[in-house]
Amino acid sequence: MRVVTLLTSLLSFLVGSSCFRGSAVLAEARPEVTLALADFEELFSSAKVKDLERSLMQDRERHEQEHQEKLRDLEKCSEWQKKEIQSQTERIFPDNFQVLQHSASGIFNTSSIASGVERDVASFDLKLILRIVKEPKKWTLVPLINTTATVASNWQVYHQNPEEDIFYAIDPVSDPSVLILLQDGQQVLATNHSGLFKVQYNAYTRVGKTRNLNSIGLSHLLYPLSNLSFRIAKDSTAFSKDYSVHPPSSVLQVMPGENYTDLIATLPLTADNFQIRWVECQEQEEEISGGNNETTQSSKDNVAAKTAKTPQAKKGSSTPQVTATHEVMHTVGEGIIRSVHTLEFVSTSEVSPLNSVEFAVYDDEVRVTSVSGHALEGWSSKRLYQEENSTIPVGNLVKATFKTSQLSSNVILNVQTEKDRLNPNQIEVDIPRIECKNVLRQTGQIAVIKDANVEVHEQKISGLSRVEPADLSSKLRLNVDRPIVLSYKYLNPKNQVATLAVKEHMAMETLEATIDRLHYKVVVTETHAVHSMILVLQSTKLQYLDIYGLPPSASQFTVIVNSVPAKPVKGEQKGGTSILVPLLIGLNSETANQGASLLTSVEVTYFSTHAPLAANGTISFDPPKFSLPISVLSAHLNLPYSRGAYDVNRPGVYKFHGDFGTEPTPRESIYPIPEAFKYAKGKRVVRDDYEFTVLDDMFPEDREEQGKLGAVKIVTPKAGRNFYFQNFLVLDGGLSLNVDYEPYKEKGKKVTKKKGLWDSFRSSS
C-alpha cells in the first residue's frame, strides 16, 4: 500500500533553517493527514456530489422563482381578461339577461271543455326562453308582460341543469331564489341564479267582432315574437276566409285542416303587437252570395227567396257607406302645373272591405302620372266624356284595385298629376279638380305654391272658401319647403271652379361664379418666362373656366384642379391664346351634390418666349384675363438681378407702370397665397401599425389616371429680384403690368475695389 506523506519541512531544508525559522515553526504546526487513495477518491466524490446538489438546489430555487413570477403574470393577465370580458358583457347586456326565444300559440272557437274559456275569448300559450348571463350579486329582474294590457295566468318557471341539458320545473314556494313578482305594472321574473330559464304562461284576449269581421291580437309585447301560430276551429254551419295579419310586412301562411284552420305568421323583429283578422260566414250566406255561371233561373229564384227569408243575409248584403277626404298641393311653375293629391277613403262597415275605388280627374289637359298606396294591386285610367255618346272629353276616370288580403276599412291613395301650360302668355289657368265616385261625402283642402319666376293670384273662385295656411292640416302644411300662396277648403266637389291668374317674369342672368383669390407669378429669363397662377373660386354650376389674354407663344400647359391633374381644352380666341379649364374634377359625391356654391382651386403653369433682353427696353407681364370678378389679385415678378454677368454692385434698374401703379407692394402687405383644395379621400383596409406615406394619398387607379393625364407640377427657381403687386375688386376683365428696364447708372460715387496686401506694397514703393 502506497502511503502519501505530507512533509512541510521540505522548504526549510532547501532554504536553510536559520533564515526561515518562523516558517518552519508554522509548517511544523500544520496538521498532517494520511489517507488511502480510495478514501481520498471517495471523499472527493462526495464533496463533488454535494457541490452538484447545492448547484441543482440553487437552479431549482431560481426556476421555481421564475415559474412563480410567470404564474403571477398569468394570473394578472387572466384577471385583466376577466375584467375586460365582464365589462364587455355588461355593455352588451346591461340588464344581465338575454331573450333567446319568444313564441306564442293560440286557439279560438274550440268546443273542448278543457280550454275553460268563453267562446268569444282566445287563449294564447306563450313561451319565453332567456339566459341570465352571469351569477348576479343582486337580484336580476326580467320584465315579462304588461299587466295593464294583458290578462295572464298559469305561470310556470323552468331552469336548465347544465350537466343534463334538461329543464326542471321550479316551485317558488320551495325555492325562493326564483320568484314571479308584480312591479310597476309589469309581471317580473326575479332570480339570483344564472343559466337558462323557460317561462310559460297563458294569455287571454277577447275577439273583436264587427258583423262578420273577427279580429284578435296582443299588444304592448315587451319582446318580439319569433314564432306565432293560431288555430281557428270550424263550426258545422260556418266557415272562415280572407285571413290577414298586422303589421302588413308580416308573412302569413294559411294551412286549412278538416275541422280547423292553422295560421302561421312571421312578424318583423320591430313589432310590439300583432292582430289577426278573418271573415266568418255562414253556409247559407255563402250559398246566397256564391252563385256561378251555370246557375239556372230556378236556382236563382230559390236564392232570392232564401235571401228574402234571411234577415241576416239581407243585412250583410247592404252597401257600405264611404266618405272621402281630399288634400292637394298645386305647384305652379314655368310651363307646367304639378299636383300631389292625397285621397283617404273611410268605410262605415268593416264587413265589406274596400276592394276598389274610383275617382274622376276633371280637365282634359291633365295627365295622371302615378297612383300609389298600401296594398294597391293596380290602377287604370280611361277617358271621361261629357255625355254617354259624346266625343268631347272632360277628364279621366281612374280606378284603383286593392289586394284581397287587405281587410282595412280605410285606404289612402297618393295621386300625382301634371298639366302643361304651352303658352307662357296664358294668364288664366284652371287648376285640376278631383271628384270621388260612389262616396257619401267628399271634403277637401287645397294649397297653391309657386315655383321659379311665376306670380300667382286668385282670378275666379266658385265652390271654395278661402282660409289661412295655418288652418290647413299639418300633413299638407308641413310637407312643403316654400310658403303657401293660396289656400282653400271645400265641402262639395261639384260645381267647383278655381281659376288662377299666372304671370311669368323674365329671368335675369345671375353670377354663376366668382374668383375669391388669384395669385400670378412670372419668372423671367433672357428669352423665356415661366408663368404660374393659383386661384380659388366659388361656383354653383360653372363647368369650364375661361382663361384668355395669354401670350401668343404660351405653350406646355399644366393644369391641376382640386389637386387632381386635368387637361385643358382650347377656347375661343379673344386676343391672344385662351384655354378652358374643366372645374368638375376632384369632387367627391357628397361635395358635388350639396347644391350650394363649391370652392374650387385651380393651378395653371405654362411657358412663353420673348425677344432677348437688350440693354434697355420695356416688357409686359399682364396677368391672364377672366370673365369673372376677382376679389383679390396679386402678382409676383421674379426678374434677373442684373444684365450680363452677376454683379452685386451693379443691379439692373426696373421701373413699373400700368394698372398696378409705379411702386411695388411690400411683401408683408400681400394677402396670403391660397392653398389648393383636395376633396378626394381614399378608403383602404390596413393593419393597426400601418404607416401611411405619400403613395397612400391616391388609389392605384387614381395614380394610373394621373399617369394617363401626364400632368407635371413645375417648381420655379427662386433666384433674382422679387417684386410684388396687389389689386382689389377687378371687374373689367384684366390688368396691365409693364416693366421698363435699363442698366445700372453711376450716381457720382465710384465703387472702388478694396486693396489687397500686395497692392499696398506696390503703392508704398
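Computed from heavy atoms alone, side chains included, the values below leave out hydrogens, waters and symmetry copies.
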More than 12 heavy atoms of other groups within 6.0 Å of E675 CD: no

Min side-chain heavy-atom separation V530-N638 under 4.5 Å: no

Which atom of P568 lies closest to which atom of P582, heavy atoms considered: CA-CD, 4.3 Å

Q496 and Y488: side chain donor to acceptor below 3.5 Å: no

Pair I619-N738, side chain to side chain contact (heavy atoms under 4.5 Å, CB included): steps then yes or no: CA-CA 6 Å; I619 188 170; N738 302 318; over 6 Å; no

Test log, rule side chain to side chain contact (heavy atoms under 4.5 Å, CB included), inputs V454 and V502: CA-CA 7 Å; V454 176; V502 181; 3.4 Å; yes

Pairwise distance CD1(I446) to CD1(I484) - rounded to 0.5 angstrom: 12.5 Å

Q88, CD atom: more than 12 neighbouring heavy atoms under 6.0 Å: yes

Side chain to side chain, K475 and E327, heavy atoms closer than 4.5 Å: yes

L599, L583, I630 screened by side chain to side chain contact (heavy atoms under 4.5 Å, CB included) with L537, the one that passes: L583

Interatomic distance, E458 atom CD to L500 atom CG [nearest 0.5 angstrom]: 8.0 Å

SB check D451 R482 (cutoff 4.0 Å): yes

Reported OG-to-NZ distance for the pair S601 and K678, which is rounded to 0.5 angstrom: 11.5 Å

Exam field: side chain S669 to backbone T665, donor-acceptor pair closer than 3.5 Å: no

Side chains of H457 and E455, donor plus acceptor under 3.5 Å: yes

OG1 on T514 to CG on L542, rounded to 0.5 Å: 11.0 Å

H636 versus Y520, side-chain donor and acceptor atoms under 3.5 Å: no

Minimum side-chain heavy-atom gap V569-I579 below 4.5 Å: no

Carboxylate-amine/guanidinium contact R421 E504, below 4.0 Å: yes

Side-chain donor-acceptor pair present, D430, T499, cut-off under 3.5 Å: yes

Side-chain touch V429/I337, heavy atoms, less than 4.5 angstrom: yes

Spatial distance of atom OG1 (T662) from atom CZ (F725) [nearest 0.5 Å]: 9.0 Å

Set of residues satisfying side chain to side chain donor-acceptor pair (under 3.5 Å) with respect to S631, sequence neighbours excluded: none

Minimal non-hydrogen separation, R517 against P672, with atom names: NE-O, 3.2 Å

Partners passing side chain to side chain donor-acceptor pair (under 3.5 Å) against T89 (at least two apart in sequence or in another chain): none

Main-chain N/O of V497 paired with S462 side-chain donor or acceptor, under 3.5 Å: no

Closest contact, heavy atoms only, L580 versus G571: CG-CA, 3.9 Å

Heavy-atom side-chain proximity of T525 to P640 below 4.5 angstrom: no

E572 backbone acceptor or donor facing S578 side chain under 3.5 Å: yes

Verdict with reasoning, Y671 to F728, per ring pair (Phe, Tyr, Trp, His ring centres under 6.0 Å): CA-CA 11 Å; Y671 268 65; F728 301 97; 5.7 Å; yes

Side-chain heavy-atom pair L511, P629 within 4.5 angstrom cut-off: yes

Any side-chain heavy-atom pair of H519 and P674 under 4.5 Å: yes

Between E512 and S539, a side-chain donor and acceptor under 3.5 Å: no

Worked check of side chain to side chain contact (heavy atoms under 4.5 Å, CB included) between V328 and I434: CA-CA 9 Å; V328 57; I434 284 184; over 6 Å; no

Carboxylate-amine/guanidinium contact D363 R433, below 4.0 Å: no

More than 12 heavy atoms of other groups within 6.0 Å of L729 CG: yes

Closest non-hydrogen atom pair, A447 against L476: CB-CD2, 4.1 Å

Any donor-acceptor N/O pair, S487 side chain to V467 backbone, under 3.5 Å: yes

Rounded distance [0.5 Å steps], CG in L545 versus CZ in F626: 5.5 Å

Closest non-hydrogen atom pair, I534 against A676: CD1-N, 3.9 Å

Worked verdict on T618 versus D740 for side chain to side chain donor-acceptor pair (under 3.5 Å): CA-CA 4 Å; T618 301; D740 296 336; 2.5 Å; yes

Parallel, tilted or perpendicular: ring planes of H341 versus H326, cut at 30 and 60 degrees: parallel

Side-chain donor-acceptor contact under 3.5 Å, T417 with R338: no

Over 12 non-hydrogen atoms of neighbours within 6.0 angstrom of CD in E84: yes

Any donor-acceptor N/O pair, S465 side chain to K489 backbone, under 3.5 Å: yes

Residue pair V524 / L637, side-chain heavy-atom distance below 4.5 Å: no

Side-chain donor-acceptor contact under 3.5 Å, T609 with H528: no

Donor + acceptor pair across side chains of D622, S736 (<3.5 Å): no

Main-chain N/O of I585 paired with N562 side-chain donor or acceptor, under 3.5 Å: yes

Heavy-atom pair with the smallest gap, counting every atom of I449 and V485: CA-CG2, 4.3 Å

Full working for side chain to side chain contact (heavy atoms under 4.5 Å, CB included) between R721 and Y654: CA-CA 10 Å; R721 300 175 63 183; Y654 296 104; 3.8 Å; yes

Pair F656 + F621: ring centers closer than 6.0 Å: no

